[in-house]
Asker: 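Quick one: the structure is below, questions incoming.
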2 protein chains.
Amino acid sequence: MQKTPTIRDVAQAAGVSLKTVSRVINSDKGVSAETRKRVLAAIEALGYRPNALARSLRGRKTYTIGVVITDITNGFFSTIVRGIEDEAFARNYSVLVANSDELLEKEKLYVRIFVEKQVDGLIIVPATGSQEYLRDLASHIPLVFVDRPPRDFSGPVVQVENREGAYRLTRHLLEHGFERLAFLASDLRLPTVQERFAGFRKALDEVGITLHTEMVKDGAKTIHEAYRKTHELFVLPLRPQAIFAANNLVVQGVLKAIRERNLRIPQDVAVVGFDDFEMADLVQPRLTVVAQPAYALGKEAAVLLFSRITCPSVAGETVVLPVEVVLRGSCGCEDVPQEKTFLKGVRNST
Amino acid sequence: MQKTPTIRDVAQAAGVSLKTVSRVINSDKGVSAETRKRVLAAIEALGYRPNALARSLRGRKTYTIGVVITDITNGFFSTIVRGIEDEAFARNYSVLVANSDELLEKEKLYVRIFVEKQVDGLIIVPATGSQEYLRDLASHIPLVFVDRPPRDFSGPVVQVENREGAYRLTRHLLEHGFERLAFLASDLRLPTVQERFAGFRKALDEVGITLHTEMVKDGAKTIHEAYRKTHELFVLPLRPQAIFAANNLVVQGVLKAIRERNLRIPQDVAVVGFDDFEMADLVQPRLTVVAQPAYALGKEAAVLLFSRITCPSVAGETVVLPVEVVLRGSCGCEDVPQEKTFLKGVRNST
DNA sequence: CCCCTCCTTGACAACGTTGTCGTTGAGAGC
DNA sequence: GCTCTCAACGACAACGTTGTCAAGGAGGGG
């Protein structure tokens with residue numbers, strides 16, 4: 001491990017001052033063509049690479065943002081991250097990522113670390129609990145939330161029409177004539193889930209259907225737990241006719257359980273999910289879902305963050321992106337597979 | 001945006017020198033209990049947070065590593081990243097991530113940026129092309145490759161038994177009596193794919209089956225392209241009896257095409273894939289695959305990297321992790337769904 | 001010929017830390 | 001009472017950059 005050359009070594013090699021080298025590196029004007037050539041030659045010869053740390057310390061800008069999500073393994077979040085990353089890349093920014101696992105303490109810790117690392121901004125999927133701890137921070141560094149609003153704290157959020165999407169999908173279910181609908185959620189304390197539940201509930205209320213508590217299952221945070229809760233639904237005296245799975249993990253558990261019980265979808269029980277993903281298009285019957293623009297969610301959050309970074313006076317309001325009900329077979333509709341339903345792949349590719 | 005307090009402000013507030021504050025922050029000895037208390041009080045009062053940039057510049061250590069993968073959206077890679085991230089978190093390291101999209105130029109650019117940001121180490125899934133450009137770098141900073149070895153360059157790699165896995169899976173297919181096997185690949189220039197193809201081929205050779213060129217399709221880099229190539233296979237006069245999909249994206253395209261042609265799996269055509277993922281367990285019939293320990297891949301790569309970071313003399317050899325052939329229904333076996341096939345979720349949770 | 005301008009260049013300090021080394025003072029040992 | 005040791009603390013430089021300011025020289029206009 002030999003010593004990395006610094007601007008000083010380059011200056012010496014080229015026989016100029018530190019500042020002149022600095023000017024060449026930053027393509028500042030005020031350097032003659034001749035000198036510039038000599039400096040560039042020295043840079044080349046020594047294999048000099050600027051030290052971004054020193055630059056950032058001096059310039060108070062790291063060209064790095066921090067992203068705290070709950071779990072990168074979840075396709076929904078990885079797609080959001082991808083949206084953020086692409087936008088960041090286009091602006092010469094790098095991205096630090098962290099998985100909070102829905103744990104407030106982990107979120108806090110990561111935020112602290114990223115702030116100490118002087119990130120220029122932070123995009124957060126807030127974990128359950130209170131984001132009040134961010135209050136002081138918010139005046140120091142631009143923050144943007146994605147997917148869910150923070151709690152006990154107000155800041156710009158980029159999210160989707162959870163309530164509306166759930167409402168429309170539930171109405172659709174009701175139009176199929178189902179009356180005993182179950183709602184299976186990862187965590188009803190999450191704002192997104194609450195909104196979805198509100199939409200679900202509103203649709204039921206409108207047609208005067210009473211929702212029985214045993215038809216609502218909470219705490220299905222993993223595929224496996226969703227799977228178990230689904231089984232619980234089927235040992236009830238009155239089994240559900242349709243299941244509304246509140247996210248992409250839940251729906252996978254639901255499918256697994258139904259498969260195991262040898263029930264037919266949608267004849268024995270209909271299933272719909274919130275959030276589209278490749279699998280939804282490959283199972284049989286294909287899954288009817290509310291498709292969320294995950295990539296756009298990340299991209300918009302990044303756009304918002306960068307506008308706040310470049311111009312701190314930008315307040316940054318809540319952005320709500322539209323969702324789309326994608327009817328396939330699992331809700332009871334006739335399933336007509338058609339090409340080009342590769343929505344997740346829709347990207348302004350780089 | 002008020003000015004953030006520095007160690008200097010704390011020193012002034014507590015009536016001590018800079019160095020004393022520094023000592024308190026780093027819990028160095030040589031500070032009386034009384035002074036320590038005063039300093040801590042000042043830190044608290046001012047809301048002081050150390051600046052990691054200055055620290056890193058001074059200490060030549062950033063506690064940050066860079067990870068360059070091809071696409072975080074792909075569950076295989078996001079799981080690898082998760083493995084890396086968990087290991088990094090445990091050691092107080094942060095992770096910078098980048099998507100190369102299999103583009104060498106993007107990979108190079110990111111590596112350069114990360115190096116300029118003075119990361120303590122780099123984990124790379126090398127894109128197609130030559131990694132020769134890393135030669136100089138390797139003596140300056142620890143590098144570890146995951147999933148595939150680099151080209152024109154030798155460095156520590158953490159990968160799986162591609163050849164062996166493909167070989168075993170292909171043999172299994174042959175035991176079912178299939179003779180016309182097709183191989184569908186994303187990019188045959190990739191080392192992983194080459195190895196898998198070699199294993200596939202070896203199995204065929206052993207039983208004396210000649211592989212016809214039209215049974216090998218290359219260039220299926222997206223689900224959509226895999227879908228198209230699959231259709232191409234079925235307009236051939238002699239259609240394949242079984243399809244070996246070389247990765248998780250390919251297999252999704254294959255399924256989609258087969259579904260569209262209303263062919264039955266495995267009666268009309270068997271399908272197997274390389275890399276397990278949730279979906280494989282949910283489609284009908286369930287997919288027979290070679291399961292790769294993606295999480296462990298990332299974790300091991302990180303472990304190796306950190307051992308090289310802490311002790312630069314560690315050479316770092318190639319680590320090969322075992323794969324497992326998971327027999328389900330799509331290969332022609334009787335499909336006996338069983339609980340607890342949640343392999344992806346297997347994690348030493350935090 | 002002189003002054004003014006503009007272009008090129010450099011010295012120096014600063015960004016916020018920490019390592020090195022030196023100073024001070026209290027207490028122990030003789 | 002004197003030296004010696006050790007704990008507590010501080011001054012200073014350095015990490016690698018860049019912003020500020022000033023200097024030097026060439027060239028143009030009067």
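Letters A, B, ... are given to chains in the order of the sequence lines, protein chains preceding strands, and every chain is numbered from 1.
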Asker: Quick one: does any side-chain atom of A:R82 pair with a main-chain N or O of B:T73 as donor and acceptor, under 3.5 Å?
Answerer: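 Not a single qualifying donor-acceptor pair exists.
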
Asker: What residues, two or more places apart in sequence or in another chain, satisfy side chain to side chain contact (heavy atoms under 4.5 Å, CB included) together with A:S130?
Answerer: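 In terms of side chain to side chain contact (heavy atoms under 4.5 Å, CB included), with neighbours along the sequence ignored, A:S130 is linked to A:E132, A:D152.
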
Asker: Which of residues 31-38 of chain A sit near DNA chain C, with a heavy atom under 4.0 Å from it?
Answerer: A:V31, A:S32, A:T35

Asker: With sequence neighbours left out, write down each residue that passes side chain to side chain contact (heavy atoms under 4.5 Å, CB included) with B:S56, or none if nothing qualifies.
Answerer: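 Side chain to side chain contact (heavy atoms under 4.5 Å, CB included) list for B:S56, sorted by chain: A:L53, B:T62.
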
Asker: Would you call A:E85 and B:K106 a salt bridge, taking side-chain N to carboxylate O under 4.0 Å as the test?
Answerer: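 The answer is no: the pair does not qualify as a salt bridge.
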
Asker: With DNA chain D as reference, determine whether A:L18 or B:S17 sits nearer its 5' end, using the nearest nucleotide of each.
Answerer: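 Here B:S17 is the residue nearer the 5' end.
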
Asker: In plain terms, say whether B:D86 and B:K299 are close enough for a salt bridge, that is, a side-chain N and a carboxylate O under 4.0 Å apart.
Answerer: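 Here B:D86 does not pair with B:K299 in a salt bridge, since their nearest N and O are not under 4.0 Å apart.
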
Asker: Going by the rule salt bridge (charged side-chain N to carboxylate O under 4.0 Å, His left out), which residues pair with B:R55 if we only count those two or more places apart in sequence or in a different chain?
Answerer: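 B:R55: no salt bridge (charged side-chain N to carboxylate O under 4.0 Å, His left out) contacts found.
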
Asker: Taking any atom closer than 4.0 angstrom to a non-hydrogen atom of chain B, what span of DNA chain C does the protein reach, first nucleotide to last?
Answerer: C:dG16 to C:dT20

Asker: Regarding B:R148 and B:E102, does a basic nitrogen lie under 4.0 Å from an acidic carboxylate oxygen?
Answerer: yes

Asker: In residues 19-29 of chain A, what residues come within less than 4.0 Å of DNA chain D, judged by heavy atoms?
Answerer: A:K19, A:S22, A:N26

Asker: Tell me, please, which residues at least two apart from A:T35 pass side chain to side chain donor-acceptor pair (under 3.5 Å).
Answerer: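 Only A:S32 meet the side chain to side chain donor-acceptor pair (under 3.5 Å) criterion with A:T35.
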
Asker: I'd like to know if B:K37 and B:E34 make a salt bridge, using a cut-off of under 4.0 Å between side-chain N and carboxylate O.
Answerer: no

Asker: Let's see if you get this right: which residues in residues 45-61 of chain A place a heavy atom under 4.0 Å from DNA chain C?
Answerer: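 Those residues whose heavy atoms fall under 4.0 Å from DNA chain C, taken from residues 45-61 of chain A in numerical order, are A:L57, A:R58, A:R60.
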
Asker: Only counting residues at least two apart or in another chain, list the ones meeting side chain to side chain donor-acceptor pair (under 3.5 Å) with A:Y93.
Answerer: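 Residues passing side chain to side chain donor-acceptor pair (under 3.5 Å) with A:Y93: A:K61, A:D120.
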
Asker: Which residue pairs satisfy the ring pair (Phe, Tyr, Trp, His ring centres under 6.0 Å) criterion with at least one member in residues 7-49 of chain B, sequence neighbours excluded?
Answerer: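 Sorted pair list comes back empty.
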
Asker: Checking the side chain of A:Q131 only, and the main-chain atoms of A:A127 only, is there a donor and an acceptor separated by less than 3.5 Å?
Answerer: yes

Asker: Is A:R151 reaching over with its side chain to a backbone N or O of A:G129, donor-acceptor style, under 3.5 angstrom?
Answerer: no

Asker: List the residues meeting side chain to side chain contact (heavy atoms under 4.5 Å, CB included) with A:A52, not counting sequence neighbours, and say none if there are none.
Answerer: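 So A:A52 forms a side chain to side chain contact (heavy atoms under 4.5 Å, CB included) with B:E116, B:K117.
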
Asker: Counting the benzene-type ring for Trp, do B:F153 and B:Y133 have ring centres under 6.0 Å apart?
Answerer: no

Asker: Take the C1' atoms of the five end pairs on each side of the helix from C:dC1-D:dG30 to C:dC30-D:dG1, derive the two axes, and give their angle rounded to 10 degrees.
Answerer: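 The angle separating the two end axes equals 50°.
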
